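Heads up: the structure comes next, in structure tokens.
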Amino acid sequence: MMAQLQQGVPDEKEKTTALKDLLSRIDLDELMKKDEPPLEFPDTLEGFEYSFNEKGQLRHVKTGEPFVFNYREDLHRWNQKRYEALGEIITKHVYRLLEDECHLKKVTLPVDATENEPKSFIFMSEDALTNPDKLLVLIHGNGVVRAGQWARRLIINEDLDSGTQIPYIKKATEEGYGVIVLNPNENYIEVEKTKAQVQLSSDSSDEPAEKRERKDKIQKETKKRRDFYEKYRNPQKEKETMQMYIRDNGSPEEHTIYVWDHFISQSAAENVFFVAHSYGGLAFVELMIQREAEVKNKVTAVAFTDSVHNVWHQEAGKTIREWMRENCCNWVSSSEPLDASVESMLPDCPRVSAAMMLHFFFPLKKFILSWVNHRG
């Protein structure tokens with residue numbers, strides 16, 4: 001009896017065969033035609049039908065409504081790509097504001113870059129290197145943000161004051177600081193691979209022919225399965241690109257050290273102050289590890305905001321930790337009242353509450369800059 005019941009139940013192999021048969025009958029091209037519109041988006045705010053109002057809020061020009069992420073229901077990937085395209089436009093918009101409203105100049109990196117090599121840039125005030133009194137250096141965190149931004153999400157969903165460094169720059173300028181704005185995430189440019197480069201990347205190997213053939217066969221099978229899946233998930237084949245890294249600026253840490261060596265350390269300012277957010281704090285600690293004597297001689301105080309530095313993992317020495325305890329402060333997200341002391345497991349700098357603010361950076365500006373001024 002049991003044997004008869006077992007005979008009536010298909011085993012796993014039969015199930016797999018039946019599933020493959022079913023999938024082979026699906027016309028994937030037809031299936032996907034209706035799923036995802038072309039990944040083609042405007043390259044201006046006007047094209048998106050958005051603009052920033054007098055309060056610095058992003059609003060639809062016709063409805064006056066805030067930005068809507070789910071523009072098309074059940075198309076998360078397409079909506080995400082649309083959001084990213086808008087983000088790139090906002091990055092350029094912030095660059096323009098740094099020049100037009102904050103009166104900063106754009107400076108190309110590396111300083112000796114040739115015409116054809118990949119380049120980055122920073123922004124600085126006219127007196128950044130000549131101000132004899134004080135200089136403020138701003139470093140944002142990691143991710144998609146670029147020079148002048150703290151958080152893209154806040155720029156899009158809240159306002160420019162909440163998500164950009166502009167309030168800090170304007171206030172610092174009013175109080176007589178020179179200003180340098182770093183751009184630590186601009187580490188490479190992406191260029192489309194030619195067919196020859198794509199072929200070369202898959203063919204180039206010093207392995208024995210037999211081993212390479214086996215490897216190629218496995219890679220082809222893997223690619224076949226991946227392409228089969230991708231046709232469901234990503235019907236629009238995106239271009240294959242390669243990254244060309246910017247000389248001496250290939251990471252946030254490299255960038256920070258480069259700007260220190262070529263600009264900050266050369267400045268006339270008697271007092272240099274840093275405001276470093278998130279990964280920017282880690283980049284500063286790495287700078288200190290690499291240029292300890294110079295930093296101690298030049299930097300008066302460092303204000304971190306939710307810094308992710310770790311003096312143990314980064315192997316910061318005792319003298320660095322002692323200097324940080326005296327000259328640094330880390331404002332962290334906390335349910336404690338603003339500026340209340342927050343316990344830390346690390347023996348580096350004091351941690352104080354930034355409170356659970358929606359507009360994290362803007363209200364903190366007056367506390368951080370007043371602390372910086374007091375230190376000076």
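As the structure is a computational prediction, the values presented were derived from the model and not from experiment. The chain is numbered in sequence order, starting from 1.
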Using the side chain to side chain donor-acceptor pair (under 3.5 Å) rule, pick out the option among R291, Q290, Q266 that qualifies with D261.
R291
Considering only NZ, NE, NH1 and NH2 on the basic side and carboxylate oxygens on the acidic side, decide whether K298 and E294 come within less than 4.0 Å.
no
Please check this pair: side chain of R146 against backbone of V144, looking for a donor-acceptor N/O pair closer than 3.5 Å.
yes
For R59, is there an ion pair with D159 - N to carboxylate O distance below 4.0 angstrom?
no
Taking it one step at a time, do K55 and E158 satisfy salt bridge (Lys or Arg N to Asp or Glu O under 4.0 Å)?
CA-CA 10 Å; K55 296 180 180 178; E158 299 301 326; over 6 Å; no
Start with the C-alpha distance between F48 and H60, add both sets of side-chain angles, then the distance that settles ring pair (Phe, Tyr, Trp, His ring centres under 6.0 Å), and finish with yes or no.
CA-CA 8 Å; F48 269 95; H60 195 276; over 10 Å; no
So does F69 have more than 12 non-hydrogen atoms from other groups sitting under 6.0 Å from CZ?
yes
Please list all pairs passing the ring pair (Phe, Tyr, Trp, His ring centres under 6.0 Å) test where one or both residues lie in residues 107-132, with sequence neighbours left out.
Y95-F121, Y95-F123, F121-F123
Check the angle between the aromatic planes of F41 and W78 and answer parallel, tilted or perpendicular using the 30° and 60° thresholds.
tilted
Crowded around E270 CD? As in, over 12 foreign heavy atoms under 6.0 Å?
no
Is it true that atom NZ of K92 has more than 12 heavy atoms of other residues, nucleotides or ligands lying nearer than 6.0 Å?
no
Can you list every ring pair (Phe, Tyr, Trp, His ring centres under 6.0 Å) pair that touches residues 307-330, not counting sequence neighbours?
F304-H309
Quick one: sort the W150 and H277 rings into parallel, tilted or perpendicular, breaks at 30° and 60°.
perpendicular
Residues E99 and K105 bridged, charged N to O under 4.0 Å:
no
